[in-house]
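Written below as structure tokens is the structure these notes are about.
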Amino acid sequence: MPELPEVETVRRTLEKLVGERITSMAVGRKGLHMARKPPRGALRKLIGARITGLRRIGKYLLVDTDRPQSILAHLGMTGRLRIHRKGDPRANHTHLVIGFGERELRFVDPRRFGQLDVVTRPNEREHVGLAVLGPDPLTDGLDTRTLFTIAKQRKVTLKALVLDQGVIAGMGNIYASEALWRAKLRPTTRSNRLTSQSTAKLAAAVREVLSRALDHNGTTFSDFVDADGREGDNEEYLWVYGREGMPCRRCRTSIRKSVQQGRATYYCPTCQTP
DNA sequence: ATCACGACCTGGAGGC
DNA sequence: TGCCTCCAGGTCGTGA
């Protein structure tokens, strides 16, 4: 579900929590899979703290408090962070409930691929998930020269290159297909074969695809919603993802689907040249 | 060192 | 209706 535009959409709808004081903290007993279990003790110590800001780094969200600690969240595939009223029925797979008087922020994740942790500022970047992240295209920009240098050093497919969080933080499977279509590049092409011109196109395409999706509040393919429960509108603007057999929006060729590294890739066999 | 693959989970959709 | 198989926005550990 959540790639950079979706996580940023959630971040924006969570900003209304700034200034609120944490009055309760309930940690589910079933752990999340990735990182170890959410640190129950460290989370409970934040009762009484006040929210001072919401940040996003790649696909990670940071809930800053007026203490040195921040809550770190990653939504994995099916994670949701939503604001509820205290009495609302609690969904299955609710892993964390942060109370703010009459309101609650709930983290729900059926597949349990998400992550929850507590990090200490200003060393939050030492967290294993954040330490490896490359530039975030929307906050750091995406420098063509840097991307070109990395591409030349490696022989991964372009699909794998743009999905690598150490290369572009925040890219995911939907927008990887979208960006490569936009840049007219074949997903199976090896990164070391990129020219500086095509790298520039790719960098521009990445920025464009992500900011456009953000303008539409993200893509709801099956179940993404923001913190207020609203779906994103970007699905109807997708160029290739999920459009197998439908005409390419540039050249009318039938869009193809293939599987790369176990993940669906969509591309146009005519205008995305190998 | 680099790369591709399977594992980790649950639930929804579609076939029979 | 019910059972089975397949598929899913992410990341990490393994083995080649």
Side-chain angles (χ1 to χ4, degrees), chain A residues 1-11 28-38 56-61 72-81 91-95 107-117 127-134 136 150-180 187-193 206 209-210 213-214 216-226 231-235 237-244 257-266:
Chain A
M1 161 180 41
E3 307 179 31
L4 187 156
E6 291 74 34
V7 179
E8 176 62 18
T9 299
V10 172
R11 190 198 69 77
R29 45 190 44 210
K30 236 191 202 176
L32 294 158
H33 164 250
M34 261 337 151
R36 58 207 184 264
K37 286 190 177 155
R56 181 191 57 76
I57 307 179
K59 298 172 194 169
Y60 287 87
L61 271 173
L72 180 72
H74 189 296
L75 300 176
M77 289 273 248
T78 51
R80 291 182 177 191
L81 274 169
N92 273 343
H93 307 292
T94 299
H95 298 102
F107 183 95
V108 176
D109 182 11
R111 278 177 84 180
R112 294 196 269 142
F113 290 168
Q115 300 175 46
L116 284 170
D117 212 338
H127 183 275
V128 283
L130 301 182
V132 299
L133 295 182
D136 181 304
I150 295 170
K152 281 290 166 199
Q153 286 166 352
R154 305 182 37 177
K155 293 185 195 169
V156 286
T157 62
L158 292 182
K159 175 78 185 296
L161 183 80
V162 297
L163 269 181
D164 187 334
Q165 300 301 294
V167 178
I168 307 175
M171 282 295 279
N173 203 44
I174 292 178
Y175 302 120
S177 283
E178 294 293 296
L180 290 168
T188 45
T189 298
R190 297 283 155 172
S191 63
N192 59 336
R193 303 201 48 217
V206 167
V209 161
L210 295 177
L214 181 55
H216 298 133
N217 299 310
T219 303
T220 297
F221 214 72
S222 69
D223 59 7
F224 163 72
V225 291
D226 68 19
E231 299 190 338
D233 300 321
N234 197 60
E235 186 186 352
Y237 300 97
L238 293 177
W239 288 308
V240 279
Y241 190 88
R243 300 191 68 246
E244 182 184 17
K257 176 186 182 180
S258 69
V259 175
Q260 267 181 286
Q261 292 130 254
R263 321 208 51 199
T265 298
Y266 297 86

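Keep in mind that this is a model prediction, so the values were computed, not measured. In what follows, every chain begins at residue 1, and chains take the letters A, B, ... in the order their sequences are listed.
Residue Met171(A) contributes atom CE, which lies 14 Å from atom C1' of dG10(C) at whole-angstrom precision. Taking atom CD of residue Glu3(A) and atom C1' of nucleotide dG10(C), one finds them 9 Å apart after rounding to whole Å. Here dC3(B) presents its P atom at 10 Å from CD of Gln153(A), a figure rounded to the nearest Å. Rounded to whole angstrom, the span from the CG atom of Leu161(A) across to the C1' atom of dT2(B) amounts to 13 Å. For Leu72(A) and dT11(C), the CG to C1' distance is 14 Å, given to the nearest whole Å. Gln260(A) places its CD atom 11 Å from the C1' atom of dA4(B), with the value rounded to the nearest Å. Separating the CG atom of Asp164(A) from the P atom of dG10(C) is a distance of 13 Å, rounded to the nearest angstrom. Rounded to whole Å, the distance from CD on Gln115(A) to P on dG10(C) is 13 Å.
Between the side chain of Arg111(A) and the base of dC9(B), at least one donor-acceptor pair of N or O atoms lies under 3.5 Å.
Nearest to the side chain of Lys257(A), among dG10(C), dC3(B), dA8(C), sits dA8(C). Considering only the side chain of Pro110(A), dG11(B) comes nearest among dA4(B), dG11(B), dG10(C). Listed nucleotides: dT11(C), dC5(B), dA8(C). Nearest to the side chain of Gln261(A): dC5(B). In this structure, of dA8(C), dA4(B), dG10(C), it is dG10(C) that holds the atom nearest to the side chain of Asn173(A).
When the side-chain contact (heavy atoms from CB on, under 4.5 Å) test is applied to Arg154(A), the partners found at least two apart in sequence or on another chain are Ile150(A), Val156(A), Asp164(A), Val167(A), Ser191(A). Arg111(A) meets the side chain to side chain donor-acceptor pair (under 3.5 Å) test with no other residue; sequence neighbours excluded. For Gln260(A), the side-chain contact (heavy atoms from CB on, under 4.5 Å) criterion is met by Thr157(A), Lys159(A), Pro187(A), Thr188(A), Thr265(A), not counting sequence neighbours.
A stem is defined here as three or more consecutive Watson-Crick or G-U pairs, each with both distances under 3.5 Å; for DNA chain B these stems are B:2-8 with C:10-16, B:10-16 with C:2-8.
Nucleic acid contact class of Arg263(A) (heavy atoms, under 4.0 Å, all strands): base. Residue-level contact check: Lys159(A) touches neither bases nor backbone, having no heavy atom under 4.0 Å from any strand.
Within the structure, a side-chain polar atom (N or O) of Lys30(A) is placed less than 4.0 Å from OP1 or OP2 of dT10(B). A close approach under 4.0 Å does not occur between any side-chain nitrogen or oxygen of Lys155(A) and OP1 or OP2 of dT2(B). Side-chain nitrogen and oxygen atoms of Arg112(A) include none within less than 4.0 Å of the OP1 or OP2 phosphate oxygen of dC8(B). Note on His74(A): a side-chain N or O is less than 4.0 Å away from OP1 or OP2 of dT11(C). One finds no side-chain N or O of His93(A) lying less than 4.0 angstrom from the OP1 or OP2 phosphate oxygen of dC9(B).
Leu4(A) has its side chain out of reach of Met171(A): every pair of non-hydrogen atoms, C-beta onward, lies at least 4.5 Å apart. Leu130(A) is listed as a side-chain neighbour of Tyr60(A), based on a closest heavy-atom distance under 4.5 Å.
Contact record, Trp239(A) with Val209(A): CZ3-CG2, 3.6 Å, taken as the closest heavy-atom pair. Here the closest non-hydrogen pair linking Glu235(A) and Phe221(A) is OE2-CE1, 3.8 Å.
No side-chain donor-acceptor contact under 3.5 Å links Lys257(A) to the backbone of Glu244(A). A donor-acceptor pair is defined here as one N or O able to donate and one able to accept, closer than 3.5 Å; such a pair exists between the side chain of Asn173(A) and the backbone of Ala264(A). Between the side chain of Ser177(A) and the main chain of Ile174(A), no donor-acceptor pair closer than 3.5 Å is present.
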Which pairs, protein N/O on one side and nucleotides 14-16 of chain C N/O on the other, fall under 3.5 Å?
none

Detail all sub-3.5 Å separations between protein N/O atoms and N/O atoms belonging to nucleotides 12-15 of chain B.
none

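No more than 12 heavy atoms of other residues, nucleotides or ligands lie within 6.0 Å of NZ in Lys155(A), so this atom counts as exposed by the packing criterion.
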